[in-house]
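Mind looking over this structure? Questions follow.
Just so we're clear, the structure is a prediction, and the values are computed from it rather than from any experiment.
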Amino acid sequence: MTIAPQHPVHHVEIRHTTVPHTQAPHTPTRHTPAPHPTSADPDTVLRLAYREAGDPAAPPLLLLHALGESSLSWDPLLDDLAALGHRVLAPDARGHGDSGRPGQYSYELMTADTLAFCAALELHSAPGPDAALGLHSVPDPDSTPYPDSTPGLSSTPGPDLARWPVPGPASAPGGLAVVGHSMGAVTASLVTAALERATSPAAGTIPAPSGAPARVTRLVLEDTTVPRPGGARFEPFDEPGHPVPFDWPLVNALRAQRSDPDPAWWADALRIQAPVLVVAGGPDSSVDQADLVRFADEVADGRLAEIRVGHMVHDEDPEEFLAVVGEFLRP
């Protein structure tokens, strides 16, 4: 949206540490960039920007934006969603908006970033030593601009979320609701699956840093689900000859992952037990609507709402989006 923002930008710093893997990660096909190290540089501190509204003591609601967007796309909706009784937080994903541009991009890294973001802001904390999980959060005492990191950008698969050792199930009762649009919907699904596996007696192999929520209580996927094996192909784009408000290398890194996703993503997402609302954009959307219908039908507690305005649902019809999502989020 090209309107003046209503909410100031805040910053928080997070840090990932190297974690050994016990199994080989998903093997990319020829459509995926050549393999890179599976964890971020342990010395890298990433500053994430975010906007916020609502009572800090209220149940948290996390809004994850689409590729190429930022928290600004959610800004007009923050107060309305906060009025439903939530502390609403909308972070800028790595490489987007006012967040850092580390040059490494994957859905695994964005999922780990989101969990670390929740831990840093203590969104209904769950116990567990950071060192055992490989994620650390570093509170940021100020909001000074974060400089882009070193040159030499590369796309990186990122941490292998399904294979990190974690302590026993989280015991804290708190959770959060998550709304994700497009790229953010993929991340939201992976975060939800990760937290559910962390609290499952049969799990023990996903990252949930101390301070992270114990679970996701409601999940909203706006016109996208996790990619399924054999689904849509996403060919690489040529870099434009003009500046863009995000780090360009992330585009093709994430498109490659959506073309050749880890099969575990779809399988794990279908095991999600939290209530799921899929908001479909209808026939004018660029997204395969059949996949949205299939996911809503096959996930344990799913439902689908269609708002026929295309892919940018909450931009094009914010009133209907708020009505549908607001009804779903009510206890």
Side-chain angles (χ1 to χ4, degrees), residues 1-3 5-7 51 53-54 59-86 88-91 93 96 176-192 216-228 231-232 234 254 258 266 269-270 272 274-331:
M1 289 188 173
T2 55
I3 61 174
Q6 304 171 35
H7 302 88
R51 290 179 165 86
L61 170 62
L62 196 63
L63 308 178
L64 305 180
H65 63 78
L67 189 150
E69 299 281 340
S70 71
S71 58
L72 188 60
S73 73
W74 293 113
D75 191 75
L77 280 64
L78 294 188
D79 289 335
D80 289 309
L81 291 169
L84 298 174
H86 292 277
V88 185
L89 299 112
H96 292 78
L176 81 161
V178 185
V179 179
H181 177 213
S182 197
M183 176 190 78
V186 178
T187 303
S189 298
L190 296 177
V191 166
T192 302
V216 170
T217 57
R218 293 284 192 278
L219 174 63
V220 179
L221 305 177
E222 182 183 344
D223 207 49
T224 300
T225 67
V226 290
R228 60 176 177 83
F234 296 85
L254 298 182
R258 291 188 66 181
W266 179 263
L270 288 180
I272 288 172
V276 179
L277 171 65
V278 179
V279 180
D284 290 336
S285 172
S286 58
V287 172
D288 185 348
Q289 300 292 286
D291 279 350
L292 305 183
V293 174
R294 176 179 173 181
F295 186 85
D297 183 60
E298 294 185 10
V299 74
D301 188 5
R303 69 273 292 143
L304 184 137
E306 186 179 69
I307 304 176
R308 299 166 71 98
V309 293
H311 186 55
M312 308 298 287
V313 180
H314 75 265
D315 279 350
E316 295 297 330
D317 195 345
E319 290 186 4
E320 182 65 16
F321 181 84
L322 284 168
V324 169
V325 172
E327 179 65 27
F328 174 70
L329 293 176
R330 288 190 180 93

Can you find a heavy atom in the side chain of Arg294 that is under 4.5 Å from one in the side chain of Gln289? no

Please walk me through it: do Phe321 and Val309 pass side-chain contact (heavy atoms from CB on, under 4.5 Å)? CA-CA 11 Å; Phe321 181 84; Val309 293; over 6 Å; no

Going by an N to O cut-off under 4.0 Å, is there a salt bridge joining Asp291 and Arg228? yes

Which distance, rounded to the nearest 0.5 Å, do you find between the CD of Glu222 and the NE2 of His181? 4.0 Å

Criterion side-chain contact (heavy atoms from CB on, under 4.5 Å) on Leu63 and Leu78, from CA distance to verdict: CA-CA 9 Å; Leu63 308 178; Leu78 294 188; 3.5 Å; yes

Heavy-atom nearest pair, Asp80 first then Leu322, reads OD2-CD1, 3.6 Å

Can you find a pair of side-chain heavy atoms, one from Asp301 and one from Val276, that are under 4.5 Å apart? no

In Å, rounded to the nearest 0.5 Å, how long is the span from CZ of Arg308 to CD of Glu316? 15.0 Å

For the residue pair Val299 and Ala269, what are the closest heavy atoms and their distance? CG2-O, 3.6 Å

Would you please test Leu67 and Ser182 for side-chain contact (heavy atoms from CB on, under 4.5 Å) and show each step? CA-CA 7 Å; Leu67 189 150; Ser182 197; 5.6 Å; no

I need the Leu64 CG to Trp74 CH2 distance, nearest 0.5 Å. 8.0 Å

Grab the two heavy atoms, one from Ala82 and one from Gly54, that are nearest each other, plus how far apart they are. CB-CA, 3.7 Å

Specify the closest pair of heavy atoms between Leu329 and Leu61, including all atoms of both residues, with the distance to one decimal. CD1-CD2, 4.0 Å

Could you give all pairs that pass the side-chain hydrogen bond (donor to acceptor under 3.5 Å, both in side chains) test and reach residues 320-331, with sequence neighbours left out? Glu327-Arg330

Give a yes or no answer on whether the side chain of Glu306 reaches the backbone of Ala280 with a donor-acceptor pair at less than 3.5 Å. no

Look at the side chain of Ser73 and the backbone N and O of Ser70, then say whether any donor-acceptor pair between them is shorter than 3.5 Å. yes

Where Val278 and Leu292 come nearest, the two heavy atoms and their spacing: CG1-CB, 3.9 Å

Close side-chain approach of Val186 and Leu190, heavy atoms under 4.5 Å: yes

Backbone N or O of Ser285 within a donor-acceptor pair of the Asp223 side chain at under 3.5 Å? no

Exercise: do His311 and Asp284 side chains pair donor with acceptor under 3.5 Å: no

Going from CG on Leu219 to CG on Leu277, what distance comes out if it is rounded to the nearest 0.5 angstrom? 9.0 Å

Ile307 side chain reached by His314 side chain, heavy atoms, under 4.5 Å: no

Nearest-0.5 Å distance that lies between atom CD1 in Ile272 and atom OG1 in Thr192: 5.0 Å

Do Arg303 and Phe328 meet the cation-pi criteria used here (NZ or CZ under 6.0 Å from the six-membered ring centre, within 45° of the axis)? no

Begin with the C-alpha distance, continue with both residues' side-chain angles, and end with the deciding distance and a verdict on side-chain contact (heavy atoms from CB on, under 4.5 Å) for Leu176 and Val216. CA-CA 5 Å; Leu176 81 161; Val216 170; 4.0 Å; yes

Under the ring-ring contact (aromatic ring centres under 6.0 Å, His included) rule, collect the residues that match up with His86, sequence neighbours excluded. none

Hey, are the side chains of Arg218 and Val178 touching, using non-hydrogen atoms and a 4.5 Å cut-off? no

Scanning both residues in full, the closest heavy-atom pair of Ala185 with Thr224 reads CB-O, 3.5 Å

Below 4.5 Å, heavy atoms only, C-beta onward: do Trp266 and Thr225 meet side chain to side chain? yes

In chain order, what residues pass the ring-ring contact (aromatic ring centres under 6.0 Å, His included) check against His96, with sequence neighbours excluded? His65

